[in-house]
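For reference, the structure is listed below as structure tokens.
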Amino acid sequence: AIAFDFNSNGTYEQYFTSSSVSSGITTYQQSVTKGTVEVNEANGSIITHAYSAHYKRTRNGQTIEERDLSKSEMTVTNGYSYTIKDENGTKTIHLLLNGTTEPLIFQQKF
């Protein structure tokens, strides 16, 4: 799962979590990335510039690793394109990551 929180002061937070199960053991990987964001409504593009990221990995509820990532471990600049659609009265944002063909779909929250 991925979620964004864009702030009116030009900053953002990105939340990421994934899980896997192998031999009955559940592993979660989670991160919170913070930085600045440029939104260009005219061409539907978003560019994020990360300045910090915190990572945590748990296995069966036990923390295995938790730390701040170094700059060399982060993707500092990410580009996205987006379109806003109205689907049955619900606004959704279709976010396309650079290099992908299938958008991630988010409900727009105000």
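Taken together through direct or relayed side-chain contacts under 4.5 Å among Ile, Leu, Val, Met, Phe, Trp and Tyr, I46 and L104 form part of one hydrophobic cluster. Residue L69 is not grouped with residue V32 when hydrophobic side chains (ILVMFWY) are merged at heavy-atom distances under 4.5 angstrom, including chains of intermediate members. Residues V39 and I93 share a hydrophobic cluster, clusters being chains of Ile/Leu/Val/Met/Phe/Trp/Tyr side chains in contact below 4.5 Å. Residues V37 and Y15 are members of separate hydrophobic clusters, defined by side-chain heavy-atom contacts under 4.5 angstrom among Ile, Leu, Val, Met, Phe, Trp and Tyr. One hydrophobic cluster holds both L95 and I2 under the rule that ILVMFWY side chains link at heavy-atom gaps under 4.5 Å.
A heavy-atom distance below 4.5 Å is not found between the side chains of E38 and T36.
The main-chain N or O of G89 is found under 3.5 Å from a side-chain atom of D86 such that the two form a donor-acceptor pair. Between the side chain of N43 and the main chain of S45, a donor-acceptor pair closer than 3.5 Å is present. Panel note: side chain N60, backbone T26; a donor-acceptor pair is recorded below 3.5 Å.
Atom CD1 of I84 sits about 7.0 Å away from atom CD of E41, to the nearest 0.5 Å. Rounding to the nearest 0.5 Å places OH of Y55 at 12.0 Å from OG1 of T33. K34 NZ to N7 CG: the interatomic distance, rounded to the nearest 0.5 Å, is 10.0 Å. Distance check: R67 CZ to R57 CZ gives 9.5 Å after rounding to the nearest 0.5 Å.
In the displayed structure, Y28 atom OH is contacted under 6.0 Å by at most 12 heavy atoms of other residues, nucleotides or ligands. The environment of CD in E102 is sparse: at most 12 heavy-atom neighbours from other residues, nucleotides or ligands sit within 6.0 Å.
When every heavy atom of A50 is checked against every heavy atom of K71, the shortest pair comes out as O-NZ, 3.7 Å. Scanning both residues, Y80 and L97, for their nearest heavy atoms gives CE2-CG, 3.5 Å.
Below 30°, between 30° and 60°, or above 60°: for F106 and F4 the angle between ring planes is above 60°, a perpendicular geometry.
Between the side chains of S52 and H54, no donor-acceptor pair is found at a separation under 3.5 Å.
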